[in-house]
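What follows is a single structure, written as structure tokens, with notes after it.
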Amino acid sequence: MPELPEVETVRRGLVDVMEGARIDHVVLSRPDLRFPLPERFAERLAGKRIEALGRRAKYLLADIEGGLVLAMHLGMSGSFRIESPQGAVVPGVFAHPRSAERLHDHVRFALTTRDGADASVVFNDPRRFGYMSLIEREGFDTHPHFSGLGIEPTGNALSGAALAPFFAGRTAPLKAVLLDQKVIAGLGNIYVCEALWRARLSPRRASGTIVRKDGTASQRLVRLAEDIRATIADAIAAGGSSLRDYRQADGSLGYFQHSFAVYGREDEPCKRDDCRGVVRRIVQSGRSTFFCPVCQR
DNA sequence: CAAGCGACCTGACGGC
DNA sequence: TGCCGTCAGGTCGCTT
């Protein structure tokens with residue numbers, strides 16, 4: 001999926017249309033995505049105003065008038081696009097390659113924006129790993145999807161001290177622990193690889209080895225926390241362009257335009273100055289890891 | 001409990 | 001041209 005930077009980019013693309021808009025009706029193409037859609041999903045949203053569009057980890061969260069939160073997860077292949085009544089894609093937002101434009105449209109929110117214009121926000125998801133749920137705002141934090149979520153990597157909360165308890169004593173490789181949403185919420189396969197390169201740490205290193213014996217963070221863990229934050233901040237600033245099917249405002253299709261240091265660069269030279277290493281690809285818990293075996297230790 | 005792995009689903013791409 | 005294998009941003013749940 002879209003990892004956190006991509007979800008944040010999607011949020012920014014949707015916020016002007018969705019915030020303050022009224023949901024006139026909701027059209028579903030099927031009763032389920034990855035999970036069944038909530039009971040009476042369309043009925044519970046129709047006529048309600050969207051008070052705010054936020055994000056937590058990789059979830060988009062729409063605060064709905066009356067105390068509900070609409071939580072939306074993009075899975076691996078989910079995307080949104082905005083349509084005007086004429087069916088035109090509003091520039092600057094998120095869109096799929098034209099060939100797939102409508103085939104996997106699953107949810108359509110027909111809106112009246114706060115300016116009184118008609119617009120639709122359409123959720124498209126070929127693989128259907130995405131999902132939506134409706135949660136009472138009261139007690140939101142205890143909901144199974146959210147109660148266990150770890151630290152947001154966008155703010156001051158992510159620090160070596162905060163990470164230390166999750167790393168202490170763990171034999172699992174750094175790659176696995178950083179992918180664990182209960183530890184840091186929002187990292188995915190690409191940005192874990194990138195952050196570990198930035199921190200010069202091997203994805204295979206046992207997580208417990210960057211914690212001191214007394215359980216506090218080592219300097220390496222402190223730096224890792226900083227490097228994760230920098231990696232995510234840079235990716236958000238770049239517009240979360242790790243998506244193959246991200247479309248630029250002018251309609252041109254981007255393809256991994258963010259220049260990754262290691263992800264997808266197997267057999268290519270390490271980008272670190274003065275490093276002669278070559279990027280390697282290995283498989284960890286069934287997923288590709290890219291790293292430089294020379295400068296990442 | 002931690003850790004590993006298959007499952008879920010569709011599409012794109014490379015090799016033959 | 002077509003068929004087959006492999007791979008892809010995630011996460012859930014079962015097995016060791």
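Every chain is numbered from 1, with letters handed out A, B, ... down the list of sequences. Please read all numbers here as calculations on a predicted model, not as lab measurements.
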Worksheet entry | Flag for A:D24-A:T112: side-chain donor and acceptor within less than 3.5 Å | yes
Worksheet item: What is the distance, rounded to the nearest whole Å, between atom CD of A:E3 and atom C1' of C:dA8?
Response: 12 Å
Worksheet item: Tell me: CZ of A:F146 to P of C:dC12, nearest whole Å?
Response: 10 Å
Worksheet item: Under 4.0 Å between a side-chain N or O of A:R287 and OP1 or OP2 of C:dT11?
Response: no
Item to complete: Return the value, rounded to whole Å, for the distance between atom CZ of A:F35 and atom P of B:dC8.
Response: 13 Å
Worksheet item: Under 4.0 Å between a side-chain N/O of A:Y131 and OP1 or OP2 of C:dC12, yes or no?
Response: yes
Discussion item. I want to check something: taking the side chain as every heavy atom from C-beta on, are A:D105 and A:R81 in contact at a cut-off of under 4.5 Å?
Written reply: yes
Item to complete: Give a yes/no on whether any side-chain N or O of A:S288 is located under 4.0 angstrom from OP1 or OP2 of C:dA8.
Response: yes
Worksheet entry | Euclidean distance, atom CG of residue A:N189 to atom C1' of C:dT11 [Å, nearest integer] | 13 Å
Worksheet item: Given atom CZ of A:R30 and atom C1' of B:dT10, what is their separation to the nearest angstrom?
Response: 11 Å
Item to complete: For C:dT11, take OP1 and OP2 only and decide whether either is under 4.0 Å from a side-chain N or O of A:H73.
Response: yes
Discussion item. Tell me whether the rings of A:Y59 and A:H73 are parallel (<30°), tilted (30 to 60°) or perpendicular (>60°).
Written reply: perpendicular
Worksheet item: With centres under 5.5 Å and planes under 30°, do A:F129 and C:dT11 count as stacked?
Response: no
Discussion item. Pairing donors with acceptors under 3.5 angstrom, does anything connect the side chains of A:T216 and A:D214?
Written reply: yes
Fill in: Closest nucleotide among C:dC12, C:dA8, B:dT10 to the A:M76 side chain
C:dA8
Worksheet item: Can a side chain N or O of A:T171 be found less than 4.0 Å away from OP1 or OP2 on B:dA3?
Response: yes
Practice prompt. Establish, with yes or no, whether the OP1 or OP2 oxygen of C:dT11 is under 4.0 angstrom from a side-chain nitrogen or oxygen of A:K182.
Written response: no
Worksheet item: Are A:Q181 and C:dT11 close enough that a side-chain N or O sits under 4.0 Å from OP1 or OP2?
Response: yes
Discussion item. Looking at the base of C:dA8, is there any donor atom on it, or on the side chain of A:R127, that sits under 3.5 Å from an acceptor on the other one?
Written reply: yes
Item to complete: Sort out the partner of C:dT16 for me: Watson-Crick or G-U wobble, both distances under 3.5 Å, none otherwise.
Response: B:dA2
Worksheet item: What is the distance, rounded to the nearest whole Å, between atom CG of A:L187 and atom P of C:dT11?
Response: 11 Å
Worksheet item: Nearest-Å distance, CG (A:L33) to P (C:dT11)?
Response: 15 Å
Practice prompt. Kindly say whether, by distance alone, the side chain of A:R128 makes a donor-acceptor pair under 3.5 Å with the base of B:dT10?
Written response: no
Practice prompt. Quickly work out the A:Y59 OH to C:dT11 P distance and round it to whole Å.
Written response: 6 Å
Discussion item. Is any side-chain heavy atom of A:T289 closer than 4.5 Å to one of A:L196?
Written reply: no
Worksheet item: For DNA chain C, whose closest nucleotide is more 5', that of A:G286 or that of A:H145?
Response: A:G286
Fill in: Under 4.0 angstrom between A:H104 side-chain N/O and B:dC9 OP1 or OP2
no
Item to complete: Could you measure between the two P atoms, the one in B:dC9 and the one in C:dC14, and give it in whole Å?
Response: 16 Å
Fill in: salt bridge (charged side-chain N to carboxylate O under 4.0 Å, His left out) evaluation trace for A:D125 with A:R34
CA-CA 10 Å; A:D125 186 6; A:R34 177 172 185 181; over 6 Å; no
